[in-house]
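Atoms considered below: every heavy atom in the structure, side chains included; atoms not considered: hydrogens, waters and symmetry mates. When a ligand or atom number is given, it counts from 1 through the structure's own listing order.
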Amino acid sequence: MAVSREDALARDAADPLAGFRERFELAGDVIYVDGNSLGRPPKATGEALAALHERWATRLVAGWSEWIELPLAAGELIGRELIGARPGETLACDSVTVNLFKLATAALDDRPGAVVTDRGNFPTDRYVLAGVAERAGREYIEIDAPGELPDTKLALVSFSHVDYRSGALADMAAITAAAHARGALMLWDLCHSVGAVDVKLGEADLAVGCTYKYLDGGPGAPAFLYVRTDHQGRLRNPIQGWFGQRDQFAMGPAYDPEPGIARFLSGTPPIAGLVAVQAGAELVAEAGIANVAAKARALTAYAIELHDAWLAPLGFELVTPRDELRRGAHVALAHDEGWRICRALIERAGVLPDFREPNVVRFGFSPLDTRFADVFDALDRARDLVARGVHLELPLERARVT
Ligand SMILES: *Cc1c(COP(=O)(O)O)cnc(C)c1O
């Protein structure tokens with residue numbers, strides 16, 4: 001099909017999920033292609049937070065009788081609808097970083113061997129895994145990319161399911177099987193895949209993930225963690241707080257953890273954040289994760305088509321895999337002038353992507369609120385400004401948040 005805006009509009013007209021866009025706040029007329037960093041606010045979230053404020057005002061501390069269930073309820077929703085978990089395996093709590101620490105520490109307490117991740121993994125993942133390995137006196141190994149594992153005794157293998165920079169999707173089943181063959185527990189980071197890819201955790205042992213990206217939970221919304229049922233009685237939460245205690249309000253003398261997933265709670269959960277997580281995850285669940293993932297593949301395929309036609313001749317290089325089964329919902333384009341192109345898109349063209357060192361512009365296409373016309377406009381404006389050299393007018397210095 002010829003490249004034209006009419007074609008983009010025809011794709012939107014045929015999109016079964018198109019109606020979900022109006023369920024979000026759409027203030028401003030920026031073309032938002034950074035939903036993989038922070039999703040847009042669902043309208044339902046504002047209502048849910050107002051309702052919480054009302055419950056707090058009227059019920060005061062008695063409100064805890066309902067709020068206390070939220071980490072399990074929000075976790076269950078994510079587990080059941082979005083990542084292929086069984087009941088009682090998922091919990092919404094803490095940050096991704098803290099959950100990584102808890103699960104990685106529990107894994108090393110459980111068995112001997114080294115820790116493996118990849119050099120390109122997200123910084124917090126590498127920092128936490130290196131720190132946990134050092135504390136436990138274990139070898140910490142970084143390989144080039146998720147895949148071939150070192151031929152040595154391993155305790156824990158941890159990769160991101162979708163690479164935050166390139167958008168590459170790892171082969172979860174094959175890598176999990178390889179980790180098991182080395183005697184390791186497999187810990188997946190789902191930050192860039194949950195809500196964008198139809199995740200099937202299968203035999204995976206452990207997982208963590210983010211809710212403020214494709215699940216639209218809002219800035220700093222609590223994360224989630226997953227522990228496969230057969231490990232729950234054995235693995236111990238290293239932050240043994242009172243919310244993981246079997247009979248919490250007995251206020252007993254010694255720590256005696258819950259037998260199930262609740263043992264991975266630590267302290268008082270952030271209720272406003274959890275209310276927002278639930279509202280965001282419900283929207284994705286309502287659309288159906290298989291449908292959402294199919295739209296992500298279509299949006300990214302369209303972006304790659306436009307890149308080939310317009311941007312490759314201008315010095316861009318596609319970093320994201322072309323195989324639609326090997327990528328998430330963002331497309332990464334490298335360019336020597338990536339930083340200034342990204343700034344020019346934001347400051348001069350009304351397009352909001354983000355930049356990752358050293359030279360990558362990321363276009364994230366959150367499936368429920370991104371139109372094919374947005375993909376068209378974002379890449380069309382990139383083409384226009386690079387062709388005219390507009391980016392060369394911008395400063396080379398990096399900002400505090402990129
Ligand atoms: C976004 C992201 C994180 C963020 O961790 P926080 O604890 O929420 O700051 C971690 N890992 C990956 C792969 C991410 O994409």
Side-chain angles (χ1 to χ4, degrees), residues 33-40 71 74-75 78 82-83 91-105 115-132 142-143 145-146 156-170 172 175 186-197 199 201 204 206-226 238-239 264 266-267 269-270 273-274 276-277 280-281 296 319-320 327-332 353-357 360 362-366 400-402:
V33 283
D34 204 10
N36 57 317
S37 207
L38 178 66
R40 283 186 189 270
I78 294 167
L82 307 178
I83 60 174
L91 204 55
C93 62
D94 300 316
S95 64
V96 175
T97 303
V98 170
N99 288 334
L100 273 168
F101 174 82
K102 292 192 296 190
L103 297 190
T105 301
V115 176
V116 176
T117 188
D118 65 294
R119 244 180 290 292
N121 202 353
F122 193 85
T124 214
D125 298 59
R126 289 183 282 109
Y127 304 159
V128 167
L129 293 168
V132 166
E142 285 185 357
I143 60 176
L156 178 66
V157 176
S158 184
F159 297 124
S160 289
H161 190 206
V162 168
D163 184 282
Y164 78 99
R165 191 187 274 118
S166 70
L169 175 70
M172 181 174 270
I175 291 173
M186 183 71 220
L187 165 53
W188 286 102
D189 184 329
L190 307 176
C191 284
H192 268 83
S193 56
V194 67
V197 172
V199 179
L201 278 168
L206 309 164
V208 296
C210 200
T211 64
Y212 51 77
K213 291 168 180 161
Y214 296 108
L215 297 190
D216 307 306
F224 64 89
L225 63 79
Y226 159 92
I239 308 177
F264 289 95
S266 292
L274 288 168
V277 167
V319 177
T320 305
R327 62 174 188 255
H330 74 272
V331 167
D354 70 15
F355 174 79
R356 287 293 172 260
E357 294 289 352
V360 169
R362 290 192 312 180
F363 294 87
F365 305 118
S366 194
R400 160 87 170 85
V401 177
T402 60

*Output yes when the distance from some N or O of ligand 1 to some N or O of T124 is under 3.5 Å, and no in every other case.*
no

*asked:* Show the nearest heavy-atom pair for residues P269 and L274, with the distance to one decimal.
replied: CB-CD1, 3.7 Å

_Proximal atoms of ligand 1 relative to C191 (non-hydrogen, under 4.0 Å)_ = 2 (C), 3 (C), 10 (C), 11 (N), 12 (C), 13 (C), 14 (C), 15 (O)

*In ligand 1, which numbered atoms sit nearer than 4.0 Å to a non-hydrogen atom of S95?*
7 (O)

_Side-chain (R119) to main-chain (E142) donor-acceptor, under 3.5 angstrom_ = yes

*Specify the closest pair of heavy atoms between A221 and V277, including all atoms of both residues, with the distance to one decimal.*
CB-CG2, 3.9 Å

_Atom of A207, atom of L201 and distance for their closest heavy-atom approach_ = CB-CD2, 4.0 Å

*Under 3.5 Å donor-acceptor, S158 side chain and L187 backbone*: yes

*Hey, is D125 touching ligand 1 through its side chain, its backbone, both or neither, going by heavy atoms under 4.0 Å?*
side chain

*Decide whether an N or O pair under 3.5 Å exists between K213 and ligand 1.*
yes

_Please check this pair: side chain of T211 against backbone of P222, looking for a donor-acceptor N/O pair closer than 3.5 Å._
yes

*Which residue and non-hydrogen atom of the protein lie closest to atom 10 (C) of ligand 1, and at what distance in Å?*
F122 CD2, 3.4 Å

_Looking at F159, is its backbone amide N or carbonyl O close enough to the side chain of D125 to form a donor-acceptor pair, meaning the two atoms are under 3.5 Å apart?_
no

*Can you list the atoms of ligand 1 that are under 4.0 Å from a heavy atom of H192?*
15 (O)

*Does ligand 1 have any atom sitting under 4.0 Å from a heavy atom of A223?*
no

_With respect to S160, determine whether any N or O atom, backbone or side chain, lies less than 3.5 Å from an N or O atom of ligand 1._
no

*For atom 9 (O) of ligand 1, which of Y212, F101, W188, Y164 has the closest heavy atom?*
Y212

_Under 3.5 Å donor-acceptor, R327 side chain and G167 backbone_ = no

*Taking distance alone, with no angle check, do N121 and ligand 1 share an N/O pair under 3.5 Å?*
no

*Any donor-acceptor pair under 3.5 Å from H330 side chain to Y164 backbone*: yes

*How close does the nearest protein non-hydrogen atom get to atom 5 (O) of ligand 1, and which residue and atom is it?*
V96 CB, 3.4 Å

*Going by the order shown, which atoms of ligand 1 are within less than 4.0 Å of some heavy atom of T97?*
5 (O), 6 (P), 7 (O), 9 (O)

